[in-house]
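Structure, as structure tokens:
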Amino acid sequence: MTDSVSMEKKNAVERAREIISDYHGPKLRIMEVCGTHTHEIFRQGIRSLLSEDITLISGPGCPVCVTPVSYIDEAVMLALEKGCTILTFGDLVRVPGSEKSLQTARGEGASVKVVYSPQDAEDYARTHPEEETVFLSVGFETTTPSSCIALKQAISDGISNFSLLCANKTMPAAYRAMMAATDAYLYPGHVCAITGLSDCRQMLELGMSGVVAGFTAPELLTALAVIVQKSKEGKPFLVNCYPRVVTEEGSPQARALVAEYMEPCDSMWRGIGLMADSGMDLKEAYAAYDARKKYALPRIEGREAKGCRCGEVLQGACIPQECPLFGKRCTPEHPVGACMVSSEGACSAFYLYQRRD
Ligand code: SF4
């Protein structure tokens, strides 16, 4: 990078910082939909730069947080009653179920293994043919293609001891559900890298403003500054501030892969409830790899922990400190709700960074 380009970028970032700090005007509510944005904004100290007329609201973009209690109950049942080996990302292990977490189940003899990708899970299943394995497939448009790649590999390898417990979600229904709580969205860059801009354009047609944002400090500052500047014009807007990764069409290949194995379904979101066409589930043709069907799981009604306000936190209806359990009975070491467990959860972000502020 030449000195002049570097200086230009430095000036642009400084200008963005001034814009978000010096703003005075109508109260501006910006929802960072994505849990990674929530944590990065805290971690980079950006919250403390904001004018008091700007409010950041944490939204329902943490995959572990929006996964309902009943899903954890299903996983515990598979582990303890059906004798399956559960393969999962680490955060889900500590999320409380109605009665117990997977961690507690493990203490009772269940086989619960942490993997770092769905491909690792398929690899484990292939090399442990004596075990019935279930991968906990959660996440948004960004991670669902990886689950499909693992399934494709399992079919290609001819293994029958591998299945998915799906709670995959898609963002558009959540964007629509959260409209009343915010003036503009900070759209998740990694989701838009897959979907392209069509979902954001549909929101624009509904009158909802937003900016697609990356994850570095300069990218986040720029995105917030663009929201502040465009809001002054008084009409809905959509700006892609992450063009190095997000294109208009996104990734048709990733979407085609998902469409081969999965189809839209109604899905239960913690705090929001059942939303039509807000999830992805395996097609009937792949029922043999669907853990719910393979092990004939009954329908389970989960029970939230008493006093936990995760549902309201996820809808931007309260901030974590307004939960009476925050920092007292509920901490990252002893989480009561999913939003304190997850590395992308709003409660864990407020606990880790706000207290430090
Ligand atoms: S602080 Fe804990 S109990 Fe309260 S809403 Fe957050 S996760 Fe739930």
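Both counts, for ligands and for their atoms, begin at 1 and track the order of listing.
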Reference residue Tyr295; test side-chain hydrogen bond (donor to acceptor under 3.5 Å, both in side chains); the match among Glu74, Lys82, Glu132, Glu81: Glu132

Would the Phe42 and Phe350 ring centres measure less than 6.0 Å apart? yes

Please confirm whether Phe89 and Phe135 have ring centers closer than 6.0 angstrom. yes

Using the benzene-type ring in the case of Trp, are the ring centres of His190 and Phe140 under 6.0 Å apart? no

Measure the distance from atom 2 (Fe) of ligand 1 to every protein heavy atom, then report the residue, atom name and distance (to 0.1 Å) of the closest one. Cys330 SG, 2.3 Å

shortest atom 4 (Fe) of ligand 1-to-protein heavy-atom contact is with Cys323 SG, 2.3 Å

Quick check on contacts: which atoms of ligand 1 are under 4.0 angstrom from a heavy atom of Met340? 7 (S)

One thing to verify: whether Arg255 and Glu141 come together as a salt bridge, which I'm taking to mean a side-chain N less than 4.0 angstrom from a carboxylate O. no

Atom 8 (Fe) of ligand 1 has as its nearest protein heavy atom Cys308 SG, 2.4 Å

Taking heavy atoms and a distance under 4.0 Å, where does Cys310 meet ligand 1: side chain, backbone, both or neither? both

Tyr187/Tyr242 aromatic ring centres below 6.0 Å: no

Could you establish whether Pro320 and ligand 1 come within less than 4.0 Å of each other, counting only heavy atoms on the residue side? no

At what distance is the nearest protein heavy atom to atom 6 (Fe) of ligand 1, and which residue and atom is it? Cys347 SG, 2.4 Å

